[in-house]
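In what follows, a single structure is set out as structure tokens and then discussed.
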Amino acid sequence: MRRPPLRTLGRLAGRQPLGAAGAGIVVVLVLTAVFAPELAPHGAKDAAFSPYLPPSAAFPLGTDHLGRDMLSRVIWGARLSLWVGLVSVLVGVTLGGLWGVVTAYVGGVADSASQRVVDTLMALPPIILALSLMAALGQSVNNVIIALAVLLTPTAARTLRSLVLSIRESPYIEAARAVGCPHWRVIALHVLPNTLATYIVLVTVNISYAIVVEASLSFLGLGAPPDEPSWGAMLTAGTQALESAPWMFLFPGLAISVTVFGLNLLGDAIRDLTDPRLRGGLG
Amino acid sequence: MTGRYVARRLLLFAPTLLSASILIFVLLRLVPGDIAEILVYQTGSESSAVQEKQIRQLRAELGLDRPVVVQYVAWLGAAFRADFGQSYSQKRPVIEILKERVPRSLELALLTILIAMLWAVPLGVVSAVRQNTWIDYVVRVLSISGLSLPIFFTGVLILYLLVRLFGWLPPLEFVSFTVSPWENLKQLIWPALAQAYYISAPITRLTRSQLLEVIRQDYVRTARAKGLGERAIVYRHALSNSLLPVVTFVGWWGGRLLGGIVIVEIIFSVPGMGSALASAVSQRDYPAVQAMVFVMALVFLTLNLLVDLLYAWLDPRIKYA
């Protein structure tokens, strides 16, 4: 029986109140990012005001050391964070996932060889790998995306590989092969759809992680170029003016915390919903 | 089979470390402009002809004019003798920097894990035993918010409060534990607390979910049936069985801590491995970066190996997939 989608959504929210709260935060965040040009009173890089102004009616979040409006920078920062987080995760998890799926399906030497590559990429603590990549690539927003994608690829490859190893042995795969399905068709029509739930969980769980790593890199001065409105870089600048201008670290810090909190709640809920052991039946 | 698993796991260690070292080496060779150029342009105000000559000289001196493969083999050979070359920014052998910095970071990591375990495990237990009560909800929201507060925000926040309320300032000189345990702890306790708050969230969550799972097992029902008190059931029967994944998780997380330590050390001015790496990267001191990242990979892989072996030893059901 089909229910109207709104009622299903309402039921879902009732079952997962924390997840619904997370979804609410994420919606606000996405809207902020999309409508940043309309919402922000000033440009992110306009250094046209007095530096270190405390919060006031004209500048609700104060101004920074270069006289830029903090509110505008925090709003533009939402756009940067979300863009970097979303693109890097989509690229990293998709490429890594496909890599894991194909090598696991093929098996044999291809599989073991690819697992050694995964081992190598996972041999470094994640932040250190990102840091080394940024040192090699140079600072730019696109390079941050590349570094994050590389960071996420091995995890996605490993997770989907182990999933496909068990899918590969299923009777329906054997049946598909028996009726003469070519391998590419088996992968596209029978293997990939069964990895979709895991793929979605990997994407949602990792967006907040990618946003944190982006901010960490910017905090270390190795992320996006310094004039870009990255929350991490704003925090660094705020740390240098800790006593005189606490609003400089407080607001970007809050922005990133609320963002990650919302994404984590949503990711948790999605994981619960897609885990058949925890699923209570959605009707 | 445990024996085969252990053997495979051990066999993979050296090749992985080797390929990781190649990865680091190649990555740092991709940097636009080699070390010789950077060094000369940093110092030089001479004419470009003189600089050209200096660059060629330096390249020959550092062996940068040789093929990359030859350079790598030379580097690896030296690394085996614990010779990681000379740091340009600090003007001393990299191995000296490592000897000085690594123990400090390890101490900080250890302290962090200790503090995190001390409050995270009991919280997880309370949350599981009182499942779906207000205590459970408070603990769950606290721990998920702990996961959401990035270390560079909580760290700066703690630093701000310390400075504002207590007039505390990060010490200028690092005092080692052997010189004065008290002074040493006073320096490391705040960065450790900041990081412990962050990592305690997953520990609490894991303890809670594991305990909830174990509490529903048959042997717990048996314990109840024979009339054991709730306390004895939780602590003697359930907890010891649910802590296994927690312990291995902490070991695994300890490796990842090496990355987070870069940030904490910078915020609290701890002169450890992480802050050394960050400054080496920003000063383009590539021999130092290469050695430090290599050592981190070594520690990380060793920790992962130990965790896997521990797990296989503790849980005989495990086998290599």
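Letters A, B, ... mirror the listed sequences (proteins, then strands); counts begin at 1. Note: hydrogens, waters and symmetry copies are ignored here, and every other heavy atom, side chains too, is used.
A/L121 places a side-chain heavy atom less than 4.5 Å from the side chain of B/L23. Side-chain contact between B/V281 and A/L220 is absent, with no heavy-atom pair separated by less than 4.5 Å. Side chains of B/L301 and A/D119 form no contact here, defined as non-hydrogen atoms less than 4.5 Å apart. Residues B/F152 and A/T236 are not in side-chain contact: their nearest non-hydrogen atoms beyond the backbone lie 4.5 Å or more apart.
Heavy-atom distances place the backbone of A/M122, and not its side chain, under 4.5 Å from chain B. In this structure, the portion of A/L235 lying under 4.5 Å from any heavy atom of chain B is its side chain and not its backbone. Contact of A/A130 with chain B is not made at all, since no heavy-atom distance falls under 4.5 Å. Proximity to chain B involves both the backbone and the side chain of A/S216, based on heavy atoms less than 4.5 angstrom apart. Residue contact with chain A, scored on non-hydrogen atoms closer than 4.5 Å, is absent for B/L298. For A/F219, the part lying near chain B is the side chain, with the backbone staying farther off; criterion is any non-hydrogen pair under 4.5 Å.
Judged by distance alone, with hydrogens and angles left aside, the side-chain atoms of B/R164 form a donor-acceptor pair with the main-chain N or O of A/E243 at under 3.5 Å.
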CA sep, side-chain torsions, deciding dist, call: B/R205, A/D268, salt bridge (Lys or Arg N to Asp or Glu O under 4.0 Å): CA-CA 12 Å; B/R205 280 152 63 96; A/D268 253 28; 3.2 Å; yes
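Contact count versus chain B (heavy atoms, under 4.5 Å) is highest, among A/P246, A/S162, A/P252, for A/P246. Ranked by non-hydrogen atom pairs under 4.5 Å with chain B, the options A/L242, A/I256, A/L250 are led by A/L242.
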